*Asks:* 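The structure's right below; bear with me while I get my questions together.
Just so it is clear, the structure is predicted and the values come from calculations on it, not from any experiment. Values reported hereafter were calculated over all heavy atoms of this structure, with side chains retained and with hydrogens, waters and symmetry mates removed.
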Amino acid sequence: MNTTANADAMTAILRQISLDWNRTISYGRSYIAIFFAYVPGFTCLMAATGSTLDSVAGAAIGGAASGFLMLNITLFSYEQMNNHHWMNGIVPINRNHQILGRFAFLIACDLVAGLEVAASIACAGTIMHEPVKVTDAIDFAAMTVLTLVLLNAIVQPFLYRFSPYRAMAAIILSIGVIVGTVIGLRKALPEFEKTVEQLAEAISRHQAIALAAFLIIDVLALVFSSKISLHIYGSKDI
């Protein structure tokens with residue numbers, strides 16, 4: 001009985017992943033081509049115009065993070081278009097598996113983003129005649145994936161609770177509160193900036209430990225986010 005239930009659950013999750021993939025490619029091949037080309041294209045352009053490798057790496061990670069985060073919002077926007085979200089009440093996938101499938105699809109996209117960032121930085125390093133070490137490329141890819149997983153885990157409850165546009169407004173407002181808090185702490189606590197610098201230096205010295213800690217935070221965030229999302233989504237009529 002458990003084996004059958006697990007198989008049915010996996011089938012339902014795979015159906016949700018397939019639905020999300022079809023939603024992603026519904027905008028056309030040109031959209032997909034541009035979506036995947038803009039990060040390597042931009043980083044190579046920066047490399048060719050004299051930027052440093054550190055600035056190129058930061059731009060690549062930031063560009064991929066923002067782009068792939070927008071992909072998550074796009075999926076919810078697509079569901080709202082022409083009342084397409086009503087299909088969620090028709091397809092034979094319960095809400096729990098819809099949420100798990102959405103997270104699984106996003107994690108797969110996050111892994112692709114990590115590979116894209118690593119390849120983009122490696123290409124930029126070649127243009128700048130500063131070869132990127134394999135271990136550094138892996139670190140860049142891991143940081144991209146872990147950052148995206150955490151960001152998606154944070155925004156997911158907002159997207160299930162509000163419409164995509166209201167969710168974006170709530171996310172932007174939350175970011176503003178965080179930025180304002182940081183600015184306030186810098187002014188109120190003279191040692192705050194120094195503490196942040198020391199923390200960043202410690203992370204750079206112990207990258208493996210930092211990535212492991214980041215992974216644990218991501219796992220906890222995914223569990224917490226999925227529970228909140230299911231609570232919100234389960235109370236809605238579809």
*Asks:* Could you go through Y233 and N96, starting from their C-alpha distance and side-chain angles, then the distance that decides it, and tell me whether this counts as side-chain contact (heavy atoms from CB on, under 4.5 Å)?
*Replies:* CA-CA 9 Å; Y233 190 32; N96 188 37; over 6 Å; no
*Asks:* Enter the distance from L100:CG to I17:CD1 here, rounded to the nearest 0.5 Å.
*Replies:*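 Between L100 CG and I17 CD1, I get 9.5 Å after rounding to 0.5 Å.
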*Asks:* Could you give me the CA-CA distance, side-chain angles and deciding distance for R166 and F158, then say whether side-chain contact (heavy atoms from CB on, under 4.5 Å) is met?
*Replies:* CA-CA 9 Å; R166 289 184 178 180; F158 287 97; over 6 Å; no
*Asks:* Roughly how far, to the nearest 0.5 Å, is CG of L106 from CG of L151?
*Replies:*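 The CG atom of L106 is 11.5 Å from CG of L151, to the nearest 0.5 Å.
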*Asks:* Minimum heavy-atom separation for A9 to H97, with atom names?
*Replies:*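 Residues A9 and H97, closest heavy atoms: CB-NE2, 3.4 Å.
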*Asks:* Looking at F42 and A59, what are the two nearest heavy atoms and their distance?
*Replies:*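 Answer, listing the atom of F42 first, then A59: CE2-CB, 4.1 Å.
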*Asks:* State whether the side chain of S18 and the backbone N or O of L14 hold a donor-acceptor pair below 3.5 Å, judged by distance alone.
*Replies:*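 Looks like no, no N/O pair under 3.5 Å.
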*Asks:* Can you hop from M143 to L215 via hydrophobic side chains spaced under 4.5 Å?
*Replies:*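 In one cluster: yes.
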*Asks:* If I take atom CZ from residue F68 and atom CD1 from residue I73, how far apart are they, to the nearest 0.5 angstrom?
*Replies:*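 So the CZ of F68 and the CD1 of I73 are separated by 14.0 Å.
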*Asks:* Taking I107 as the starting point, is it possible to reach V223 by hopping between hydrophobic residues whose side chains are less than 4.5 Å apart?
*Replies:*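 No, it is not one cluster - the side chains of V223 and I107 are not joined through contacts under 4.5 Å.
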*Asks:* Closest heavy-atom contact between T24 and L75?
*Replies:*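 Closest heavy-atom pair between T24 and L75: OG1-CD2, 3.6 Å.
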*Asks:* Measure the CZ-CG distance between R161 and L159 for me, rounded to the nearest 0.5 Å.
*Replies:*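 The CZ atom of R161 sits 12.5 Å away from the CG atom of L159.
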*Asks:* Spell out, yes or no, whether V155 and L222 are grouped together once hydrophobic residues are joined by side-chain heavy atoms under 4.5 Å, including indirect joins.
*Replies:*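 In one cluster with V155: L222, yes.
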*Asks:* Start with the C-alpha gap between I228 and Q156, add the side-chain angles, then the distance that decides, and say whether side-chain contact (heavy atoms from CB on, under 4.5 Å) holds.
*Replies:* CA-CA 9 Å; I228 295 177; Q156 209 71 356; over 6 Å; no
*Asks:* Would you kindly check if the NZ (Lys) or CZ (Arg) of R102 is within the cone defined by 45 degrees around the ring axis of F76 and under 6.0 Å from the six-membered ring centre?
*Replies:*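 Ring-cation test returns yes.
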*Asks:* Is the shortest heavy-atom distance from the side chain of P40 to the side chain of C123 under 4.5 Å?
*Replies:*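 With C-beta onward as the side chain, the pair stays apart.
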*Asks:* Looking at every heavy atom in both C109 and L71, which two are closest together, and how far apart are they?
*Replies:*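 Looking at all heavy atoms of both residues, the closest pair is SG-CD2, 3.7 Å.
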*Asks:* Identify the heavy atoms of A64 and V117 that sit nearest to each other, and give their distance.
*Replies:*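 Residues A64 and V117, closest heavy atoms: CB-CG2, 3.5 Å.
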*Asks:* With the 4.5 Å side-chain cut-off for hydrophobic clustering, are V149 and F224 part of the same group?
*Replies:*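 Yes, same cluster.
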*Asks:* Search all heavy atoms of R95 against all heavy atoms of L230 and return the closest pair with its distance.
*Replies:*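 Residues R95 and L230, closest heavy atoms: C-CD1, 4.2 Å.
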*Asks:* Among the clusters formed by ILVMFWY side chains lying less than 4.5 Å apart, do L69 and L115 turn up in the same one?
*Replies:*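 They do not share one cluster, since no chain of ILVMFWY contacts under 4.5 Å joins L69 to L115.
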*Asks:* Evaluate the criterion side-chain contact (heavy atoms from CB on, under 4.5 Å) for residue pair L150 and I217; output intermediate values, then yes/no.
*Replies:* CA-CA 8 Å; L150 181 60; I217 292 172; 4.3 Å; yes
*Asks:* Which value, rounded to the nearest 0.5 Å, describes the distance between I61 atom CD1 and T43 atom OG1?
*Replies:*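 Answer for the CD1-OG1 pair, I61 versus T43, is 11.0 Å.
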*Asks:* Rounded to the nearest 0.5 Å, what's the gap from CZ on F103 to CG on N152? Could you check?
*Replies:*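 Between atom CZ of F103 and atom CG of N152 there are 8.0 Å.
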*Asks:* Is there a donor-acceptor pair closer than 3.5 Å between any side-chain N or O of T144 and the backbone N or O of G114?
*Replies:*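 Looks like no, no N/O pair under 3.5 Å.
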